Amino acid sequence: MNYWLMKSEPDVFSIDDLARKQISPWDGVRNYQARNYMRDSMRIGDGVLFYHSSCAEPGVVGIARIASAARPDPSQFDPRSEYHDAKATPEQPRWCLVDVAFVRKLRGVIRLERIKQEPALARMPLVQRGSRLSITPVTAAEWNHLLSLEPSP
DNA sequence: GCCAACGTTGGC
DNA sequence: GCCAACGTTGGC
């Protein structure tokens, strides 16, 4: 089983939105490396750290799991979508998505600021200079360490 | 709003 | 294939 960190702007799609829907397609990924992770490496059941970006309190806010294999992202074919890609066709799709299922919210935000203080997490792409990738792999050790930072109930 | 870093595009 | 210009990301 693999682990992932997936970024979302809470104004667009938050952990509460996922909690409400329980399962949701993770659409709009338009970066080849992120796409390749979804297409080539994700498996149903993989763990996901749900990260809020571009907001007042950037950080990990919840846990989800991968709930489907990759399939074409329909928004690439829709001219009215902000994710439309004129070079993609149903015969030759360029972008894919996976379904993500809600597991739980954390008891508090594990803030980026906090994550940066942890030597054990220093190799996460998240804390590396200039890294902007919205989907990144997480090691089992990083997963466990990060979740150990969750406040006690 | 600023800006550093990175990815993509397209002319040559 | 190079690389300048441009667009995007995302923390601050």
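In what follows, every heavy atom counts, from backbone to side chain, and hydrogens, waters and symmetry copies are set aside. Predicted model only: the values in this text are computed from it and were never measured. Chain naming here is simple, since letters A, B, ... match the order of the sequence lines and numbering starts at 1 in each.
- Nucleotide C/dT9 holds its C1' atom 16 Å from the CZ atom of A/R30, rounded to whole Å.
- In this structure, A/Y32 does not reach the B/dC6 phosphate: none of its side-chain N or O atoms is under 4.0 Å from OP1 or OP2.
- The listed nucleotides are B/dG7, C/dG10, B/dG10; the one nearest the side chain of A/N31 is B/dG7.
- Between A/K7 and C/dG10 there is a side-chain polar atom (N or O) within less than 4.0 angstrom of OP1 or OP2.
- Judged as a salt bridge (charged side-chain N to carboxylate O under 4.0 Å, His left out), the pairs with a partner in residues 12-25 of chain A (not counting sequence neighbours) are, in order, A/D16-A/K105, A/D17-A/R20.
- Here A/V127 is tied into one hydrophobic group with A/M1, A/Y3, A/L5, A/L49, A/Y51, A/V60, A/I63, A/V103, A/L106, A/I110, A/L112, A/I115, A/L121, A/M124, A/L126, A/V138, A/W143, A/L146, A/L147, A/L149, each link being a pair of ILVMFWY side chains closer than 4.5 Å.
- Residue A/E82 contributes atom CD, which lies 17 Å from atom P of C/dG7 at whole-angstrom precision.
- One atom, CD1 of A/I135, and another, C1' of C/dG10, lie 16 Å apart when rounded to the nearest Å.
- With sequence neighbours left out, the side-chain hydrogen bond (donor to acceptor under 3.5 Å, both in side chains) criterion links A/N36 to A/R39.
- In this view, A/S41 satisfies the side-chain hydrogen bond (donor to acceptor under 3.5 Å, both in side chains) rule with no residue, not counting sequence neighbours.
- The salt bridge (charged side-chain N to carboxylate O under 4.0 Å, His left out) contacts involving residues 56-70 of chain A comprise A/E57-A/R111, where partners must be two or more places apart or lie in separate chains.
- Annotation: ring pair (Phe, Tyr, Trp, His ring centres under 6.0 Å) contacts involving residues 7-31 of chain A, sequence neighbours excluded, comprise A/W26-A/F50.
- Set against B/dT8, C/dG11, B/dG10, the side chain of A/S53 has C/dG11 as its closest nucleotide.
- Listed by first and then second residue, the salt bridge (charged side-chain N to carboxylate O under 4.0 Å, His left out) pairs that reach into residues 118-130 of chain A are A/R114-A/E118, sequence neighbours excluded.
- The end-to-end axis angle of the helix from B/dG1-C/dC12 to B/dC12-C/dG1, rounded to 10 degrees and based on five pairs per end, is 10°.
- Every residue two or more places apart in sequence or in another chain that forms a salt bridge (charged side-chain N to carboxylate O under 4.0 Å, His left out) with A/R107 is listed here: A/E150.
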Please lay out, stage by stage, how A/I15 and A/H52 fare under the test side chain to side chain contact (heavy atoms under 4.5 Å, CB included).
-> CA-CA 8 Å; A/I15 188 70; A/H52 280 175; 3.8 Å; yes
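- Atom pair A/Q128:CD and B/dA5:C1' shows a separation of 13 Å (rounding to whole Å applied).
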List, with names and distances, any nitrogen or oxygen atoms from the protein found under 3.5 Å away from nitrogen or oxygen atoms belonging to nucleotides 2-4 of chain B.
none

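- For the pair A/L5 CG and C/dG10 C1', the computed distance is 14 Å after rounding to whole Å.
- In the displayed structure, A/Q128 atom CD is contacted under 6.0 Å by more than 12 heavy atoms of other residues, nucleotides or ligands.
- Near DNA chain B, meaning a heavy atom under 4.0 Å away, there are no residues from residues 112-122 of chain A.
- Mapping A/Q33 and A/K87 onto DNA chain B by nearest heavy atom places A/Q33 closer to the 5' end of the strand.
- Salt-bridge annotation for A/R30 and A/D73: present, with a side-chain N of the basic residue lying under 4.0 Å from a carboxylate O of the acidic one.
- Atom P of nucleotide B/dT8 and atom CG of A/D85 are separated by 12 Å, given to the nearest angstrom.
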Please tabulate, one pair per line, all N/O donor-acceptor pairs under 3.5 Å involving side-chain atoms of residues 91-102 of chain A, not counting sequence neighbours.
| from | atom 1 | to | atom 2 | distance (Å) |
| --- | --- | --- | --- | --- |
| A/R94 | NH1 | A/Y32 | OH | 3.2 |
| A/W95 | NE1 | A/D85 | OD2 | 2.7 |
| A/D99 | OD1 | A/R71 | NH2 | 3.0 |
| A/D99 | OD2 | A/R71 | NH1 | 3.2 |

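- To the nearest angstrom, C1' of C/dG10 lies 8 Å from CD of A/E9.
- We find that CD of A/E57 is positioned 15 Å from C1' of C/dC12, with the value rounded to whole Å.
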